[in-house]
Amino acid sequence: MEAMKRRNYVYSITTGALGLALVSLAACSSGESTTGTPAPGGSAGISGPMVFVNNTGDKTLTSVAIKGDSGNAVIGTIDAAEFENVALGDMQYSKEDWIFLNLTAANKVATIDPLTAATPVHEANLQTGTRPVHMYRDRNDGEVIWIMNDGDNAAGTTTPGDDLVNCTAQGGGGSVTVVHNGHLGAGGSPPTLLGTTCLLADGHKVAAFAENGRVFVSSTTAGEIAVLDGVETSATFRQMISRIDLCNPSKETCNPENPTGTTAFTPNSSGPHAIRWSKLTKKIYSYQEGYGQIVEIDPVSLVITKTFDFAGTPYSNYGISPDGKYLLLRGETTPPQQATKLGVIDLSATTPVIANLTTPELDTALNGTSPGAFKFSPDSKRFYILAGNGATATKKDRLFAFDWTTVAPPALTLLREIPLLSTGGHGFDVLARGAGEAKYLAVSNAAPANSLTIINATDNQEKQTVPVGPNPGGVMVFESGAASAGNQATN
């Protein structure tokens, strides 16, 4: 591709609490433009699936082509200078195939064209808020990316959790930044910054997207959920509609709060730290780490309709199966008999309750593991969990593949315990195709291995290991059209 340098000027609209809009002109970093022309030498752009690997050792991003059981090879590596020499954070891709990558220490998000040229092209770094940590593709509009800005965390800071880039005038608090991508190819344009919304609330932020277009963003320190209008054609797009106070009067003294007020709530101890949407029940589920509870929220009335209490259980984290039927619970016992414990809540039941799963490969003293990352295949037929390589675990460097179609508490069928290279840690992702069927797994192997292992998801056997950059960590599998097809693995 005959790349052309240019500077893009984007109107950044910063929306304060409940709709205060401030407009400013922001200059985005210069980058390589995206055109439909061939790459240098006349080579075509990239086709087929690939894996993006975060090399934590030198802050570079390596792309690896997934060809099958063999022939997998590095496509290219984007230098750390393109990312302003800061550590790379969360990755996500959009419906129109752009790649987004948080640059937390730079208060920016990197945009990458993965397809047009012979190697993925870094386009520009767009301004977000202070300390972007997580990001999400909008489940209702896959061209929109929502970026969670956790705010200031400098040692000794007097502004903990505040977005110092956008929200000082609105009274502080963290924020969310929204980006909308353009299409790739001839006439395409880079992603544009739609703006940042100040939430008043401090603390780590995660988000879920209801079917009615509302976006639910929880803030850990504040103990609340902001409800935003996520419909881009709406006159109130990105504005806060309401806030949900998660304070539980059975746990602590709660202050009355105005859900549509313009001042911060009194912080509570609920500590929301994970949030999910169920396509089965059409409800939002938020885990209150401070209380050890999951609450179910009606996204229309914004009322808490159910509460699941983890008292007396080992569970401290959860996910949801893509079909929305099960909340997957994950926890661990304490040393000296450290072990991973799994459970479920069947949301299709008349009265959903916590049910334990029996997984002797994970949860006995002899086979004890510390809990690591987990993912479902998009069709809800496979469940994968890493051993977390905890210091007191008796079993390390393993990836466990389970047949989720057999889940019937306490039963869960193990397909294979996959041995991984003995190393400092691993990240993984799933290549899915068709109706969401898992085809291959990509597993990073940290230093000293510095490699990526490709595993066939049919027989769960390791097929090839590809050298990548120093100390690889997080990985993301990408294929053109995967977002439209719903073929991204979920946790």
Side-chain angles (χ1 to χ4, degrees), residues 12-22 104 107 128-134 136 146-178 195-208 214-230 236-275 284 286-291 293 295 297 299 301-304:
S12 170
I13 304 175
T14 301
T15 306
L18 300 169
L20 178 62
L22 304 174
T104 301
N107 302 330
T128 61
T130 304
R131 205 160 59 92
V133 175
H134 290 315
Y136 303 88
W146 294 73
I147 302 160
M148 308 290 109
N149 303 311
D150 282 2
D152 185 22
N153 72 335
T157 181
T158 58
T159 53
D162 287 356
D163 177 359
L164 305 179
V165 177
N166 300 285
C167 301
T168 301
Q170 285 79 45
S175 66
V176 295
T177 296
V178 185
T196 294
T197 301
C198 301
L199 302 182
L200 297 174
D202 291 331
H204 181 62
K205 291 173 171 51
V206 290
R214 291 178 170 179
V215 183
F216 292 73
V217 180
S218 64
S219 297
T220 300
T221 304
E224 67 178 70
I225 295 175
V227 185
L228 287 78
D229 182 350
T236 57
F237 175 55
R238 295 191 300 103
Q239 293 182 19
M240 278 199 290
I241 299 167
S242 186
R243 288 178 286 163
I244 301 170
D245 184 8
L246 295 172
C247 189
N248 185 334
S250 71
K251 298 286 187 179
E252 61 182 309
T253 301
C254 300
N255 297 315
E257 307 288 1
N258 180 358
T260 58
T262 57
T263 58
F265 286 0
T266 303
N268 59 62
S269 302
S270 59
H273 201 248
I275 193 167
I284 294 288
S286 173
Y287 175 49
Q288 274 58 267
E289 192 172 47
Y291 293 159
Q293 294 178 333
V295 295
I297 300 171
S301 66
L302 307 182
V303 170
I304 293 174

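Remember, predicted model here, so these are calculated numbers, not experimental data.
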Arg131 and Thr104: CA distance, side-chain angles, deciding distance, side chain to side chain donor-acceptor pair (under 3.5 Å) verdict: CA-CA 5 Å; Arg131 205 160 59 92; Thr104 301; over 6 Å; no
Side-chain donor or acceptor of Ser219 paired with backbone N/O of Thr221 under 3.5 Å: no
Reported CG-to-CG distance for the pair Asn255 and Asp245, which is rounded to 0.5 angstrom: 8.5 Å
Side-chain touch Thr197/Gln239, heavy atoms, less than 4.5 angstrom: no
Side chain to side chain donor-acceptor pair (under 3.5 Å) between Ser175 and Asn166, intermediate numbers included: CA-CA 8 Å; Ser175 66; Asn166 300 285; 4.7 Å; no
Short side-chain to backbone donor-acceptor contact, Arg243 and Val227, under 3.5 Å: no
Val303 vs Ile297 side-chain heavy atoms within contact, under 4.5 Å: no
Min side-chain heavy-atom separation Leu246-Ile225 under 4.5 Å: yes
Under 3.5 Å: donor-acceptor pair, side chain of Glu257, backbone of Thr266: yes
Straight-line distance of Asn268 CG to Asn248 CG, nearest 0.5 Å: 9.5 Å
Whether Glu252 side chain and Ser250 backbone form a donor-acceptor pair below 3.5 Å: no
Phe237 and Trp146 aromatic ring geometry - parallel, tilted or perpendicular at 30°/60° bounds: perpendicular
Audit row: Val206, Phe216, side chain to side chain contact (heavy atoms under 4.5 Å, CB included) steps and yes/no: CA-CA 8 Å; Val206 290; Phe216 292 73; over 6 Å; no
Reported NE2-to-CD distance for the pair His273 and Glu289, which is rounded to 0.5 angstrom: 5.5 Å
Residue pair Asn107 / Gly129: nearest heavy atoms and the distance that separates them: CB-O, 3.3 Å
Donor-acceptor contact present, side-chain Thr177 to main-chain Ile147, <3.5 Å: no
For the student: nearest non-hydrogen atoms of Val133 and His204, plus distance: CG1-CE1, 3.8 Å
Candidate pair Tyr287 and Gln293, rule side chain to side chain donor-acceptor pair (under 3.5 Å), full reasoning: CA-CA 6 Å; Tyr287 175 49; Gln293 294 178 333; over 6 Å; no
Nearest-0.5 Å distance, CG of residue Asp162 to CG of residue Asp150: 12.0 Å
Distance-only donor-acceptor check, side chains Ser286 and Gln288, under 3.5 Å: yes
Under 3.5 Å donor-acceptor, Tyr136 side chain and Ala207 backbone: yes
Minimal non-hydrogen separation, Gly230 against Val215, with atom names: CA-CG2, 3.8 Å
Test item: Thr220 side-chain N/O and Pro272 main-chain N/O as donor-acceptor pair under 3.5 Å: yes
Heavy-atom pair with the smallest gap, counting every atom of Cys247 and Tyr291: CA-OH, 3.6 Å
Gly151 backbone acceptor or donor facing Asn149 side chain under 3.5 Å: no
Side-chain (Asp229) to main-chain (Arg238) donor-acceptor, under 3.5 angstrom: no
Exam field: side chain Asp202 to backbone Ala222, donor-acceptor pair closer than 3.5 Å: no
4.5 Å side-chain heavy-atom contact, Leu228 and Val176: yes
Minimum heavy-atom distance Glu224-Leu199, with the two atoms named: OE2-O, 4.3 Å
Side chain to side chain donor-acceptor pair (under 3.5 Å) between Thr130 and Asp163, worked out: CA-CA 5 Å; Thr130 304; Asp163 177 359; 3.2 Å; yes
Residue pair Phe265 / Asn258: nearest heavy atoms and the distance that separates them: CE1-O, 3.3 Å
